[in-house]
Every structure is written in structure tokens, then in C-alpha cells.
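Proteins come first, then strands; the chains are lettered A, B, ... in the order of their sequence lines, and each starts at number 1.
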There are 2 protein chains.
Amino acid sequence: MPLLLLKDLPRYECLLEAAKRYPALEPSACEVFLHLLRTGDEAFRVIEQHFQARGLSQGRFTVLMLLCDKTCGESHALTPAQLAEKAGVTRATMTGLIDTLERDKMVLRQPDPADRRQITVSLTPRGLAFLNDLLPEHFRRIASLLLVLSEKERRTIVRLLGKIAARAADEFPAAPAAEPAPPPPPATPPRAPAPRRISRPRRSRAA
Amino acid sequence: MPLLLLKDLPRYECLLEAAKRYPALEPSACEVFLHLLRTGDEAFRVIEQHFQARGLSQGRFTVLMLLCDKTCGESHALTPAQLAEKAGVTRATMTGLIDTLERDKMVLRQPDPADRRQITVSLTPRGLAFLNDLLPEHFRRIASLLLVLSEKERRTIVRLLGKIAARAADEFPAAPAAEPAPPPPPATPPRAPAPRRISRPRRSRAA
DNA sequence: CGCTGACAATTAGGGCCCTAATCATAATTG
DNA sequence: CAATTATGATTAGGGCCCTAATTGTCAGCG
């Protein structure tokens with residue numbers, strides 16, 4: 001749950017003090033930065049707290065939401081790769097999330113008859129019911145948290161957050177999203193790949 | 001690194017659409033919520049990216065900062081419990097962070113002669129040098145990210161974030177901070193605690 | 001003194017997220 | 001058509017964070 005660390009934010013005077021030692025430190029920027037991380041973390045905690053009481057994690061919640069889709073009501077199936085892409089996690093991580101969800105009977109893995117490399121994941125009735133039971137409180141929490149701001153303030157903060165996010169995205173772009181695989185094929189096969197490991201027979205996940 | 005999940009934020013029209021299905025959903029509140037988490041995550045990514053290039057994690061960074069203290073320059077020792085408290089993680093987690101930092105020779109564990117239950121953790125010269133080498137770029141990133149906002153905008157966003165954080169703290173208070181231990185002592189010793197596990201001799205951490 | 005309870009740090013084990021490697025199955029191509 | 005390459009899912013192993021034990025030590029008390 002925690003991400004932020006630092007129970008108490010440093011006071012502004014401390015930042016001013018520290019700035020004397022580090023010329024690169026902009027006290028006002030740091031202040032915004034700390035508040036942003038802190039508040040994001042608090043907001044996250046508010047929903048995580050609710051999820052946790054129902055035995056759910058943010059990651060698994062996202063998967064359920066994606067499967068439920070915007071047209072929430074009728075579930076439509078997706079492949080793990082699509083889910084990973086939409087959720088912004090690696091496929092390996094998605095495998096783990098689906099594992100847990102399947103164990104809890106929230107989703108179902110089904111082989112794709114057309115392409116045997118693929119499988120499709122879909123929501124079970126149980127998963128859909130669980131989600132529909134969960135969502136009202138989820139939305140209530142979000143509303144309760146953010147309606148402290150006036151409508152005008154909400155418009156303002158969305159605008160300012162958007163500016164920061166845009167800056168982050170183009171000044172510090174995320175890594176190439178992984179997955180695309182490495183471009184540099186070694187011109188020369190330097191050495192044998194070394195005996196990796198004894199490969200065991202692939203266990204069926206259902207076993 | 002990722003926390004947010006959801007690569008693309010739902011559009012506002014989708015929120016309006018979904019609100020028809022879920023009366024509790026306040027589109028405007030949800031919009032702020034998603035932007036907040038997204039932007040917090042982006043900001044986190046910006047510094048995490050830098051840390052990662054230097055083999056550091058946010059948690060370990062926080063420990064180093066705490067040891068360096070505001071008076072950065074002269075290190076002063078703290079106990080793991082104090083560090084955990086200030087950093088807002090459990091003591092068990094702090095043990096792990098210190099383990100890694102000690103392995104990397106960034107900090108030193110020393111026994112407390114007065115109370116043999118305690119140890120103190122202090123920054124090594126190597127740890128201090130590492131931190132001082134790291135910080136300028138750290139602050140540069142923060143400044144670069146947040147100086148896209150004008151001074152007035154920075155004041156505004158700090159105020160609005162503060163409102164949200166305050167609301168979170170008093171509407172959805174965090175759990176009792178753990179550690180304080182459970183109050184209910186069982187009046188009757190119901191059953192033997194069951195043979196937990198064979199206890200192995202406690203290995204010295206230095207071994 | 002010997003107990004008992006509180007406290008400090010740690011270990012054990014679980015979840016989530018990552019990267020790198022592995023396996024199975026297409027698709028492509030010489 | 002066989003060999004290579006690409007693609008999809010998974011496994012293996014690491015880090016961080018958690019909760020629930022477990023061990024060692026201190027402090028109070030009969």
C-alpha cells in the first residue's frame with residue numbers, strides 16, 4: 001500500500017535550509033512534489049483500504065474492470081497480452097494477477113481454438129457480481145474524497161495535474177514500454193549460450 | 001515502479017456513460033481522482049527512473065535521507081525503530097531495507113552498549129558520498145518537472161492537494177499505525193499454540 | 001532470585017511488480 | 001518443406017512491502 005514513505009513532510013523552512021546546501025534544490029518545486037506524492041498516496045490508500053477489506057488488490061481490480069469494460073454488464077474476453085497492455089503492466093505480472101483471480105474463481109482462462117498460443121480471459125458471473133457489489137462503495141469513497149473541492153477547484157486541479165503529467169511524459173519519457181524486444185542482434189555468435197538450466201516438462205496450469 | 005495501472009485514462013464521456021449505471025459515480029470527482037493518481041505516479045516514475053539507474057529504491061533513498069538528516073553533512077545514528085517510524089514503514093520492512101543498504105556498504109549497524117536490545121544505524125562515508133552525488137540530479141528533476149507551473153499555480157495546487165490530503169486523513173483515517181500491538185488479551189488459554197515450527201538457532205546477521 | 005510482560009529486531013511467508021529465460025506454437029523464408 | 005524468426009504465455013528469481021511469529025533483553029514484582 002505505502003509508496004510515499006516519510007510520515008511527515010519536511011517543513012518549508014527545512015527546504016529553504018537545505019537549499020543553501022544544494023543549489024539545485026528549488027524549495028517551491030520540492031514542496032509541490034512532496035504534496036503531490038503524499039496526496040496521491042493518500043488517495044490510493046483510501047481505495048486500497050476498501051479493496052483490502054474485500055481481499056482485492058489494485059492490480060486485480062484493474063483486471064476486473066477491464067474485463068467488465070465500459071459496457072459494464074456484459075463481459076467480453078481479452079487475452080493476457082491485451083490486458084497487460086491496457087493495464088500498463090508486463091505480461092509476466094498479468095499472468096500472476098490472472099492466476100490469483102482464477103484461483104478465486106473471478107475469471108476464467110479458455111484456450112483459443114484458432115491460435116493455440118493464445119488463451120482468452122473472461123469474467124465469471126461470480127466475478128461480475130463481486131465487482132458490481134464493490135463498485136458503489138468505491139465510487140462513494142472517491143466522491144467523498146474529492147467533492148471537498150468546489151467545481152471550479154476541481155477544474156483547476158485537473159488542469160494543473162495535466163500540465164505536470166504532460167511535462168513528465170515529454171521531459172522524462174518512460175522506457176520503451178519493454179516487450180518490443182532488443183534490437184541489437186550480435187553479428188558474431190561469441191559463445192555458446194551456456195547450459196541454462198535443466199528444463200522441466202511444462203506443467204499444465206490446471207494441474 | 002508502476003502503481004497506477006491503466007495506461008490510458010478513461011475519457012470524460014465514458015465516465016458520464018458509466019455514471020448512468022452507477023448512481024454513486026461522480027464523474028467530476030472520478031476525473032480528479034484519476035488525474036491525481038496518474039500524475040502522482042508519473043512524478044514518482046521520474047525520480048524512480050533516476051534512482052534505478054543508480055541501483056537505489058525509493059525506500060532505501062528515504063533511509064539514507066533520514067540518516068543524513070536535515071543537517072546533511074554530518075550523519076547521526078538512529079535505531080531501526082526510529083527509522084521505521086519516520087519513514088512510515090513497518091520495522092520488518094526497515095530490517096530489509098537496512099539489510100540491503102548494509103550489504104552495499106551504505107550504512108553500518110552498531111550494537112548499543114547501553115541496551116543490548118537495540119542497535120543503531122549510521123551512514124558510512126561511502127553512503128554519504130553516494131547521497132551527495134545523487135541529490136543534485138534528484139533536485140534538478142524535481143525542479144524541471146514542477147517549474148512548468150507558475151509560482152501562483154504552485155501555491156494553488158499545494159493548497160488544493162492539501163485539502164484532499166486533509167480530507168483523506170480525517171474521513172478515512174489510516175489503520176492504527178500497526179506496531180502498538182493488540183489490546184485484547186485472551187481471558188482463557190483456549191488451546192495450545194500448536195507446534196509452530198522447529199526453531200533454528202538464530203543466525204547472526206553478519207555471518 | 002525467578003516470572004512475567006513489554007519492547008527491539010529479526011525471521012518466515014505471502015502478494016505484487018519487475019526482468020530474463022523458457023516453452024509452445026505460428027508465420028516466414030530460403 | 002525444414003529452419004529460422006516472431007509471438008504468446010509462462011516460469012524463475014529478485015526487490016519491496018506487509019502481517020504474524022520468534023528470539024533476546026530489559027524492567028517490575030512477589
> Rounded to the nearest Å, what distance is computed from the CD1 atom of residue Ile98(B) to the P atom of nucleotide dA8(C)?
Replying inline: 14 Å
>> Run the side chain to side chain contact (heavy atoms under 4.5 Å, CB included) test on His35(A) and Leu9(A) for me, step by step, so that the C-alpha distance in whole Å, both residues' side-chain angles and the decisive distance to 0.1 Å come before the verdict.
In response: CA-CA 8 Å; His35(A) 273 82; Leu9(A) 262 31; 4.3 Å; yes
> Under 4.0 Å between a side-chain N or O of Arg45(A) and OP1 or OP2 of dC18(D)?
Replying inline: no
> Should His138(B) and Ile47(B) be marked as a side chain to side chain contact (heavy atoms under 4.5 Å, CB included) after you check the CA-CA gap, both sets of side-chain angles, and the distance that decides it?
Replying inline: CA-CA 7 Å; His138(B) 178 65; Ile47(B) 59 160; 3.7 Å; yes
>> Rounding to an integer number of Å, can you tell me how far Arg103(B) CZ sits from dG14(D) P?
In response: 11 Å
What's touching nucleotides 26-28 of chain D from the protein side, N or O pairs under 3.5 Å?
residue	atom	partner	partner atom	Å
dC26(D)	OP1	Arg116(B)	N	3.2

> Across the strands shown, which category fits Thr93(A) at heavy-atom distances under 4.0 angstrom: base, sugar-phosphate, nothing?
Replying inline: base
>> Quick check on dA20(D): is either OP1 or OP2 less than 4.0 Å from any side-chain nitrogen or oxygen of Arg91(B)?
In response: no
>> With a sphere of 6.0 Å drawn around CZ of Arg11(B), does it hold more than 12 non-hydrogen atoms of other residues, nucleotides or ligands?
In response: no
> What is the distance, rounded to the nearest whole Å, between atom CD of Gln52(A) and atom C1' of dG14(C)?
Replying inline: 13 Å
> What is the distance from CG of Leu83(A) to P of dG8(D), rounded to the nearest Å?
Replying inline: 13 Å
> Given atom CG of Asp112(B) and atom P of dT10(C), what is their separation to the nearest angstrom?
Replying inline: 13 Å
> Is any side-chain nitrogen or oxygen of Thr90(B) closer than 4.0 Å to OP1 or OP2 of dC18(D)?
Replying inline: yes
>> Which is more 5' along DNA chain C, the nucleotide nearest Gln118(B) or the one nearest Leu56(A)? Just name the residue.
In response: Gln118(B)
> Between dA9(C), dA12(D), dA9(D), which nucleotide has the shortest distance from any of its atoms to the side chain of Pro80(B)?
Replying inline: dA9(C)
>> Testing the basics here: between Leu78(B) and Leu66(B), what is the closest heavy-atom pair and its distance to 0.1 Å?
In response: CD1-O, 4.1 Å
>> Apply side chain to side chain contact (heavy atoms under 4.5 Å, CB included) to residues Asp112(B) and Thr79(B) and explain how you reach the verdict.
In response: CA-CA 9 Å; Asp112(B) 179 332; Thr79(B) 69; over 6 Å; no
> When you measure from the side chain of Arg154(A) to the backbone N and O of Ala29(B), does any donor-acceptor pair fall under 3.5 Å?
Replying inline: no
> Rounded to the nearest Å, what distance is computed from the CG atom of residue Leu97(A) to the C1' atom of nucleotide dG14(C)?
Replying inline: 15 Å
> What's the CD-P distance between Glu85(B) and dA8(C), to the nearest Å?
Replying inline: 11 Å
> What is the distance, rounded to the nearest whole Å, between atom CE of Met94(A) and atom P of dT19(C)?
Replying inline: 14 Å
> Which atom pair, heavy atoms only, marks the closest approach of Phe172(A) to Ser144(B)?
Replying inline: CZ-OG, 3.7 Å
